[in-house]
Amino acid sequence: MRTGNISLVKKMNKQLVLKLIRDQHPISRADIAKTTGLNKATVSALVDELIAEHFVHESGIGESTGGRRPLMLRFNADAGSLIGVELGVNYLYAVLTNLNADILWEQRRSFRPSEGQEAIIGEMMELIEAAIRRAPATPYGVMGIGIGVPGVVHTESGTVVFAPNLRWDDVALAAVLRQRWPERPVIVENEAKLAALGEKWFGAGNEFAHFVYISAGIGIGAGVVLHHQLYRGVSGLAGEIGHHTINVNGIRCSCGNIGCWEMYASEKYIERRLAEEGRSEWLNERFSIAAMALAAESDEQLARILEETGRYLGVGLLQVMYAYNPEAVIIGGPLAQAGEYVIDPARQEVRKRILVKKESEPSIIVSKLKEKSCAIGAAASVLEAVVLPPEFVGV
């Protein structure tokens, strides 16, 4: 139960009730009152408002616990639609979802970074327009657009400050999209942060208050969730861990630094090692970690390259664990498709090197949402901004 400024308290209590219904439906008004500590009259009034706003509906009669059988409440996932877009280094992936992140429509397109910003943004806008056209009729329609980008983002303005693998600097992406769709909220954020948000709401992070999501593909990024909320840092740099140095005499990174973690625990490292080992048949546009892992079952050379990558992943994960002390580390992105060929060596490296054994070892697990984490997280960012703001419902 919350007290203080009457208007703010009502808003916070209403969000608290809505989140409880979403998380525990079907649930009765009496159970909401018991769980939140709010009195029954307040709960009833708030529920009536949420029903009138189409976010909640009554779904039948529940079991009696001695008195009259209660009316059960459910979250209405079909009150509106959400659009999430992942801007990858060489692809765009867009989803249209309901408010429970059930995918109603999706589409993926490949591109070459050399096509340039304007062409890539143009393709992104075409995908968003296609998603809007396919949105079902709902009380709120398309409630917003979320975009995940592989780089540093100024969240408030939606500007891509620096995306080294795309060669983008100071691109006002949100402003461009808002010009096209001024009536809809547009959120632009780092792709790993949004993937963490997707896992928090709908995936492997749902059971943890403190976790770090690692996006490991061509590069490495992270999304940090502390006390159930996405942590961005002072200037949005929290999570740019792919660019911490693990080899001072190492290879130059696309960011200009030497020996960055992402040069050793990523697709870049795997491709480099394949070239060194004379396995050029794997170095083409159809290359995938999943296919390589499948072949590694009967190919010791491929298995060894994946194992090396996993060990480097584990070395970098130690810095993450020391910095944030999370309950879990969730591995996502293409590297996660290698499964135990990468994850098990990473676990072993952590276990061997960590300062304090057992108690300080977080779970290292694979993403539940897999390749959809970022796009679903982008949709979830709209859900948080428009329907369930975390500052009101965080516990």
Side-chain angles (χ1 to χ4, degrees), residues 89 165 192 195-196 199 203-205 211-223 239-247 250-251 253 259-279 282-283 287-324 326-355 357-358 360-371 373:
V89 174
N165 289 318
E199 295 290 340
F211 71 88
V212 178
Y213 173 91
I214 303 292
S215 173
I218 291 176
I220 296 181
E240 288 300 323
I241 54 174
H243 299 287
H244 77 250
T245 300
I246 66 167
N247 186 346
I251 294 167
C253 180
C260 289
W261 186 27
E262 75 171 41
M263 298 306 293
Y264 295 89
S266 69
E267 289 180 281
K268 291 176 185 175
Y269 178 78
I270 291 172
E271 290 173 2
R272 191 164 72 247
R273 290 291 291 119
L274 286 169
E276 290 170 356
E277 295 282 342
R279 302 299 300 267
W282 285 91
L283 300 174
F287 167 77
S288 79
I289 302 291
M292 186 177 170
L294 192 62
E297 292 179 13
S298 56
D299 191 319
E300 290 183 8
Q301 195 176 32
L302 297 182
R304 188 177 69 252
I305 292 171
L306 291 174
E307 180 187 354
E308 290 171 13
T309 310
R311 284 168 48 208
Y312 279 121
L313 180 64
V315 170
L317 286 180
L318 278 170
Q319 314 308 316
V320 174
M321 294 170 186
Y322 292 150
Y324 299 108
E327 298 168 87
V329 175
I330 300 170
I331 310 296
L335 233 61
Q337 296 172 8
E340 295 307 303
Y341 283 104
V342 166
I343 304 302
D344 195 49
R347 289 190 185 114
Q348 290 176 24
E349 205 65 30
V350 167
R351 200 169 295 126
K352 180 174 70 178
R353 294 173 180 268
I354 199 162
L355 192 61
K357 309 298 181 185
K358 293 184 180 178
S360 60
E361 289 182 33
S363 302
I364 299 175
I365 57 179
V366 175
S367 159
K368 184 177 177 180
L369 300 178
K370 300 182 180 179
E371 74 279 359
S373 294

Below 3.5 Å, can you tabulate the donor-acceptor pairs from side chains in residues 306-316 to any protein atom, sequence neighbours excluded?
{"unit_1": "Glu308", "atom_1": "OE1", "unit_2": "Tyr269", "atom_2": "OH", "d": "2.7"}
{"unit_1": "Glu308", "atom_1": "OE1", "unit_2": "Arg273", "atom_2": "NE", "d": "2.8"}
{"unit_1": "Glu308", "atom_1": "OE2", "unit_2": "Arg273", "atom_2": "NH2", "d": "3.2"}
{"unit_1": "Thr309", "atom_1": "OG1", "unit_2": "Ile305", "atom_2": "O", "d": "2.8"}

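- Put simply, the side chain of Ile251 reaches to within 4.5 Å of the side chain of Arg272, judged on heavy atoms.
- When all heavy atoms of Ala265 and Ala216 are compared, the pair lying nearest together is O-CB, 4.3 Å.
- Residues Gly217 and Pro334 approach most closely at CA-CD, 3.6 Å, considering heavy atoms.
- Across Thr245, Asn247, Leu317, a single residue satisfies side-chain contact (heavy atoms from CB on, under 4.5 Å) together with Trp261, and that is Leu317.
- Taking both residues in full, the closest heavy atoms of Tyr213 and Ala195 are given as CE2-CB, 3.2 Å, listed atom of the first, atom of the second, then distance.
- Of the inter-residue distances, the one linking Ile241 atom CD1 with Gln319 atom CD reads 10.0 Å to the nearest 0.5 angstrom.
- Between Val329 and Met321 the shortest heavy-atom distance is CG2-CE, 4.1 Å.
- Of all non-hydrogen atoms in Tyr264 and Gly250, the two that sit nearest each other are OH-CA, 3.1 Å.
- Two residues are said to be in side-chain contact when any heavy atoms from C-beta on lie closer than 4.5 Å; Leu335 and Ile220 fail this criterion.
- Here the shortest heavy-atom pairing between Arg353 and Tyr322 reads O-OH, 3.6 Å.
- For the atom pair CD of Glu262 and NE2 of His244, the computed distance is 11.0 Å after rounding to the nearest 0.5 Å.
- Under the 4.5 Å side-chain criterion, counting only non-hydrogen atoms from C-beta, Met292 is not in contact with Tyr341.
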Would you sort out whether Arg279 and Asp299 count as a side chain to side chain contact (heavy atoms under 4.5 Å, CB included), showing the intermediate values? CA-CA 11 Å; Arg279 302 299 300 267; Asp299 191 319; 2.9 Å; yes
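- In the displayed structure, Glu276 atom CD is contacted under 6.0 Å by more than 12 heavy atoms of other residues, nucleotides or ligands.
- With values rounded to the nearest 0.5 angstrom, Ile331 atom CD1 is found 13.5 Å from Gln337 atom CD.
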Which side-chain N or O atoms in residues 363-371 pair as donor and acceptor under 3.5 Å with protein atoms at least two apart or in another chain?
{"unit_1": "Ser367", "atom_1": "OG", "unit_2": "Glu199", "atom_2": "OE2", "d": "2.5"}
{"unit_1": "Ser367", "atom_1": "OG", "unit_2": "Leu369", "atom_2": "N", "d": "3.2"}
{"unit_1": "Ser367", "atom_1": "OG", "unit_2": "Lys370", "atom_2": "N", "d": "2.8"}
{"unit_1": "Ser367", "atom_1": "OG", "unit_2": "Ser373", "atom_2": "OG", "d": "3.1"}

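- Distance check, rounded to the nearest 0.5 Å: CG of Leu318 to NZ of Lys352 gives 10.5 Å.
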